[in-house]
Amino acid sequence: MNKKIDVSRDREFVSFGDCVIRSRVSLFRSMSDFSFPLKMSTADSQRFMTRVKERLSRLSESQQSLFRAEKINGADFDYYRDRGILSEEYSRLALTAFFYLYNNATALLLLGREQIELRSVVPEFELFHAAETVIECDRLLETVFPYAVSLCHGYLNSRLDLTGAGIEAEVLLSLPALNQTDEGDRLLKIALSENLKIEPYRCPALKENIPGVLTVTAVALDSESEEEMLSRFAKNLSTIIKMERLKRREWKPEQIDQISARYREALERIHSSVKMTLLESYQLLDIIRTAILAGVADFSCSTLNRLFDFLKESSLTRFRRQFSKSDEPVLCDHLRAGVLKDIFCGKAEVLCLKD
């Protein structure tokens, strides 16, 4: 677990952007002398938070400045949740009102699934870079936090599959070619043989599954280091993406014509729409991605990947308020339609957004 992460490994998978929408790496830790969150009382959680603040205050001033406390109101929670930085479990289980952002890159979540979760979410596939940021934060916290650690079993957590290295990796995948075929059994065999969890992506904003988007998750096996788990995960993703790309090569001319026709219809729909729901937007993005991969649309999959979270109401609201001080309610369906029209029927080609 002490091996340094080789972030240059991300370069091997830079082309995964045709399939990988975003990636997440999490480390789960528990503090000794405290119960796991589900067993905590309100008084225990308050005592835990007092201990956290006291321990963070032991860091040097320069180290403390890397942490920024974030109060959570309803709108902020939705925004961070929709970007994958906070989970819905945090809302249900947390007995505290804020979390910390470390160096604006890693979230320090308290009292969620475990007592402490360090989470980094990155666009497309930058899994090794994300891991480096959470591990950097973890090593710093380990100097002041009394982690629950066993010489035999590693870091201790309430879930046995997280005990050990305590690392979890997740990607959101879009596989339009495989979705047109019956390849579910092969994906399931890969998942079972490599201890992956593959399931439909459930959008927290819609509270329903998004057709065509999968969540693929892995945790470290017994005695696996962070580096070894991430390497195994990346290798398995590479196998799945190769399956997807091989299926694209099997597209026949008549299929390409059908994809092209659906793409033209999608552009007409975007051009004529004055409002657009999030689910409708996802359906259109899937059509456009398929057209890009079939070579009949001249856009970037990276643009679609950035739009995936940006089109959610929480992000659109924040985006709108960056440019307007009006207190008028944001009509997200109208704003969403305008964004799509600007990008796919106008001159905007690249989405440049900063939090």
Side-chain angles (χ1 to χ4, degrees), residues 12-23 123-125 171-194 196 198-203 208-216 233-273 276-308 311 340-341 343-346 348-351:
E12 299 178 34
F13 310 104
V14 68
S15 62
F16 278 12
D18 59 334
C19 297
V20 179
I21 297 170
R22 73 170 185 222
S23 308
E124 297 181 354
F125 190 93
V171 297
L172 298 188
L173 280 183
S174 178
L175 306 171
L178 284 175
N179 287 337
Q180 298 174 7
T181 63
D182 187 18
E183 290 289 344
D185 289 343
R186 287 184 64 189
L187 289 178
L188 186 60
K189 288 178 181 178
I190 292 173
L192 291 174
S193 64
E194 296 293 344
L196 302 180
I198 299 180
E199 57 188 359
Y201 168 68
R202 181 174 174 81
C203 175
E208 61 180 281
N209 296 341
I210 302 302
V213 180
L214 298 173
T215 300
V216 185
F233 189 42
K235 179 181 177 182
N236 296 330
L237 287 176
S238 181
T239 299
I240 293 171
I241 290 172
K242 284 178 182 176
M243 290 170 57
E244 159 72 15
R245 291 170 177 170
L246 285 172
K247 283 298 174 185
R248 290 180 211 156
R249 295 180 187 176
E250 296 176 7
W251 278 338
K252 296 179 172 57
E254 55 269 27
Q255 288 178 285
I256 301 293
D257 290 341
Q258 291 173 358
I259 292 170
S260 181
R262 290 185 67 208
Y263 171 60
R264 290 194 299 271
E265 291 172 0
L267 289 184
E268 290 174 4
R269 185 173 166 191
I270 291 172
H271 186 266
S272 62
S273 295
M276 186 80 64
T277 67
L278 180 58
L279 184 57
E280 289 172 332
S281 298
Y282 282 156
Q283 293 168 343
L284 291 170
L285 291 182
D286 184 58
I287 293 171
I288 294 170
R289 184 185 295 272
T290 305
I292 292 171
L293 300 176
V296 298
D298 189 20
F299 292 101
S300 166
C301 284
S302 291
T303 297
L304 306 187
N305 296 335
R306 289 194 288 271
L307 281 170
F308 187 81
L311 290 177
L340 291 175
K341 194 175 298 185
I343 292 176
F344 297 112
C345 301
E349 296 178 356
V350 180
L351 201 62

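The model shown is predicted, which means the values in this text are computed figures rather than measured ones. No hydrogens, no waters, no symmetry mates; every other heavy atom, side chains included, goes into these values.
Residues His271 and Leu267 fail the side-chain proximity criterion, which asks for heavy atoms closer than 4.5 Å. When side chains are defined from C-beta on, Pro211 does not count as touching Gln283, because their heavy atoms never get closer than 4.5 Å. Within the 4.5 Å cutoff, no side-chain heavy atoms of Thr239 are placed close to those of Lys242. Counting heavy atoms from C-beta on, the side chains of Thr215 and Ile198 never come closer than 4.5 Å. Contact check for Asn305 versus Pro123: no side-chain heavy atoms found under the 4.5 Å cut-off. Ile270 places none of its side-chain heavy atoms less than 4.5 Å from the side chain of Ser273. Counting only heavy atoms from C-beta outward, the side chains of Leu173 and Val213 never approach each other to under 4.5 Å. No side-chain heavy atom of Glu199 sits under 4.5 Å from any side-chain heavy atom of Val216.
Between Asp18 and Arg245 there is a salt bridge, with a side-chain nitrogen of the basic residue lying less than 4.0 Å from a carboxylate oxygen of the acidic one.
Listed for the Ser272 side chain is a donor-acceptor partner under 3.5 Å among the backbone atoms of Glu268. Checking side-chain atoms of Asp286 against main-chain N and O of Tyr282 turns up no donor-acceptor pair under 3.5 Å. Formation of a donor-acceptor pair under 3.5 Å by the Arg269 side chain with backbone atoms of Arg264 is not found in this model. A distance-only check finds no donor-acceptor pair linking the side chain of Lys247 to the backbone of Leu178 [under 3.5 Å].
Annotation for Arg248: atom CZ counts as buried by contact number, over 12 foreign heavy atoms lying within 6.0 Å.
Within the model, atoms CG of Leu246 and CD1 of Ile241 stand 12.0 Å from one another, a figure rounded to the nearest 0.5 Å. Expressed to the nearest 0.5 Å, how far CG of Leu196 lies from NZ of Lys189 amounts to 15.5 Å. Here the CG atom belonging to Leu214 is positioned 7.0 Å from the CG atom belonging to Leu187, to the nearest 0.5 angstrom. Rounding to the nearest 0.5 Å places OG1 of Thr290 at 6.5 Å from CZ of Arg262. Here the straight-line distance linking atom SG of Cys203 with atom CD1 of Ile210 works out to 4.5 Å at 0.5 Å rounding. Considering CG of Asp257 and CD of Glu254, their distance stands at 7.5 Å, rounded to 0.5 Å.
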Go through Met276 and Leu340 one step at a time and tell me if the side chain to side chain contact (heavy atoms under 4.5 Å, CB included) criterion holds.
CA-CA 9 Å; Met276 186 80 64; Leu340 291 175; 4.1 Å; yes
Apply side-chain hydrogen bond (donor to acceptor under 3.5 Å, both in side chains) to residues Ser23 and Glu124 and explain how you reach the verdict.
CA-CA 6 Å; Ser23 308; Glu124 297 181 354; over 6 Å; no
Report the C-alpha separation of Ser238 and Phe16 in whole Å, then their side-chain angles, then the decisive distance to 0.1 Å, and conclude whether the side chain to side chain contact (heavy atoms under 4.5 Å, CB included) test is met.
CA-CA 8 Å; Ser238 181; Phe16 278 12; 3.8 Å; yes
Check the pair Ile21 / Arg289 against side chain to side chain contact (heavy atoms under 4.5 Å, CB included), numbers first and verdict last.
CA-CA 11 Å; Ile21 297 170; Arg289 184 185 295 272; 3.9 Å; yes
Under the side chain to side chain contact (heavy atoms under 4.5 Å, CB included) criterion, do Phe299 and Leu304 qualify, and how do the steps go?
CA-CA 9 Å; Phe299 292 101; Leu304 306 187; 5.7 Å; no
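For the pair Ile292 and Cys301, the tightest heavy-atom approach, listed with the atom from each and the gap, is CG2-SG, 4.0 Å. Of all heavy-atom pairs between Leu278 and Leu311, the closest is CD1-O, 3.7 Å. Of all heavy-atom pairs spanning Trp251 and Gln180, the tightest one is NE1-OE1, 3.1 Å.
Here Tyr201 pairs with Phe308 under the ring-ring contact (aromatic ring centres under 6.0 Å, His included) rule; sequence neighbours left out. Among residues two or more places apart in sequence or in another chain, the salt bridge (charged side-chain N to carboxylate O under 4.0 Å, His left out) test is passed with Arg22 by Asp309.
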